[in-house]
Number of protein chains: 2
Amino acid sequence: MTMNSVLENIKQAEHNCKEHGVRLTSKRKQVLSGLLQADKALSAYELVDQCKDESGKTMPAMSVYRILDFLAEEHLVHKLDSNNKYVACSHITCSHGHEVTQFLICEKCQRVDEINIDPSMIEQLQSNVKDAGYHLISPQLEMKCLCETCFTTFPHPN
Amino acid sequence: MTMNSVLENIKQAEHNCKEHGVRLTSKRKQVLSGLLQADKALSAYELVDQCKDESGKTMPAMSVYRILDFLAEEHLVHKLDSNNKYVACSHITCSHGHEVTQFLICEKCQRVDEINIDPSMIEQLQSNVKDAGYHLISPQLEMKCLCETCFTTFPHPN
DNA sequence: AATTGATATGATATATTGTATCATTAGAAG
DNA sequence: CTTCTAATGATACAATATATCATATCAATT
């Protein structure tokens, strides 16, 4: 992501936080900015390294985890369970609801696309859940993929 | 799951393995049986404990991980990324393909239901992936839920 | 500006999950 | 029975994550 886009995202994030009565501190900006620049999913410890590289100062892992939790609550980043990594929300600058989200995750390069799901499909998924006697609490679909580049570059199964 | 059902599953698993030219050893049976009896998702280390409780002998964590990998390759267990736990496949005794599988996971009690997805929905998911320029390599949908019991028993968000 | 209370961050320890590697044992095949 | 391979054990360690207590920062009020 270009530096301009990063700044635009940060600005919007700041605005969103203000609206929610919470603060986007400089450390939080630093972590979010790191994720936005990376343009892929990073682990908490990769973010520790990146913060060190960018600022020269060591950010404790504990702080990174706390900040990631905060950013996730603000819907500014998402945690991907598939690979225990974190990715910036790709809808910060567009006004967006937070319905069921579908992530396409490249297993090789950690590139992530966050795509929309057809509302009728969401309904069907929801009704499957309900029919089975469950209550959905975190609707996040993660699909383990290869992106086009990695698919053509690397040998792959089948 | 009743002891009878467990045994029936083990028997079928043994048969499947034989067909694939691999061995369902006694340790592997022990781990699979542990998962079948538990009737919920367990972590690798919970399985270590359970094996200790059942047999008195300590099974090294390393062995449990290897065995879980083996069982997963044989489609006898599934790894749930959502919570880093493992669950017995609920379709061992029915002849089953391994298309897209949908798991409903109770975040409180780790109960898991493995339900079928409508083929048309699978197609649509697949085509979403393809349209975004990705290649699906592991189609497993995990939905974080509360089961009916936990939903009514515990206070819940919203 | 100083006080205070709440929020955020640092520091440290430790828990949890998972892998690498080399040694040993058990099974199957001749 | 030997021999080869697959499976398991033992040990060390890496990677991910949380608990807890101390300190610093911010912001509202005096």
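The analysis underlying the following values was restricted to heavy atoms, covering all of them including side chains, and did not include hydrogens, waters or symmetry mates. All chains are named by letter (A, B, ...) in the order of the sequence lines, taking the proteins before the strands, and each is independently numbered beginning at 1.
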Over its full length, what angle do the end axes of the helix from dA1(C)-dT30(D) to dG30(C)-dC1(D) make, each axis taken from five pairs and the result rounded to 10 degrees?
20°

Could you state the atom-to-atom distance from [atom1] of [X] to [atom2] of [N] in whole Å?
X	N	atom1	atom2	value
Glu74(A)	dA8(C)	CD	C1'	14 Å
Met59(A)	dA11(C)	CE	P	12 Å
Ile67(B)	dA6(D)	CD1	P	17 Å
Met62(A)	dT20(D)	CE	C1'	10 Å
Leu47(A)	dA15(D)	CG	C1'	15 Å
Leu42(B)	dT16(C)	CG	P	15 Å
Lys29(B)	dT8(D)	NZ	C1'	16 Å
Asp69(B)	dT8(D)	CG	P	12 Å

With no hydrogens and no angle check, do the side chains of Glu142(B) and Ser82(B) hold a donor and an acceptor under 3.5 Å apart?
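A donor-acceptor contact under 3.5 Å links the two side chains.
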
Between Gln110(A) and Asn83(A), does any side-chain donor sit less than 3.5 Å from a side-chain acceptor?
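Note: Gln110(A) and Asn83(A) side chains meet the donor-acceptor criterion.
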
Distance criterion of 3.5 Å, no angle test: do you see the side chain of Arg66(B) paired donor-to-acceptor with the base of dG18(C)?
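Side chain to base: no pair present.
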
Counting just side-chain N and O atoms, does [X] come under 4.0 Å of either OP1 or OP2 of [N]?
X	N	answer
Lys79(B)	dG18(C)	yes
Arg28(A)	dT9(C)	yes
Asn84(B)	dG18(C)	yes
Thr25(B)	dA7(D)	no
Tyr65(B)	dT16(C)	no
Lys27(A)	dT25(D)	no

Distance-only, no hydrogens or angles: does the [X] side chain make a donor-acceptor pair with backbone N or O of [Y] under 3.5 Å?
X	Y	answer
Asp39(A)	Met1(A)	yes
Glu114(A)	Ser90(A)	yes
Glu46(A)	Ser43(A)	yes

Electrostatic pair Lys79(B):Asp69(B) at N-O distance under 4.0 angstrom:
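Salt bridge: no.
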
Closest-nucleotide ordering on DNA chain C, the 5'-leading residue of Ser26(A) and Asn83(B)
Ser26(A)

Assign each of Phe70(A) and Arg23(B) the nucleotide of DNA chain C bearing its closest heavy atom; nearer the 5' end lies the nucleotide of Phe70(A)

Which pair of non-hydrogen atoms, one from Leu76(B) and one from Cys17(B), has the smallest distance, and what is that distance?
CD1-SG, 4.1 Å

Measure from the side chain of Tyr45(A), starting at C-beta and using heavy atoms only, and say which of dG9(D), dT16(D), dA11(C) lies closest.
dT16(D)

Parallel, tilted or perpendicular: which one describes the rings of Tyr45(A) and Tyr65(A), with boundaries at 30° and 60°?
perpendicular

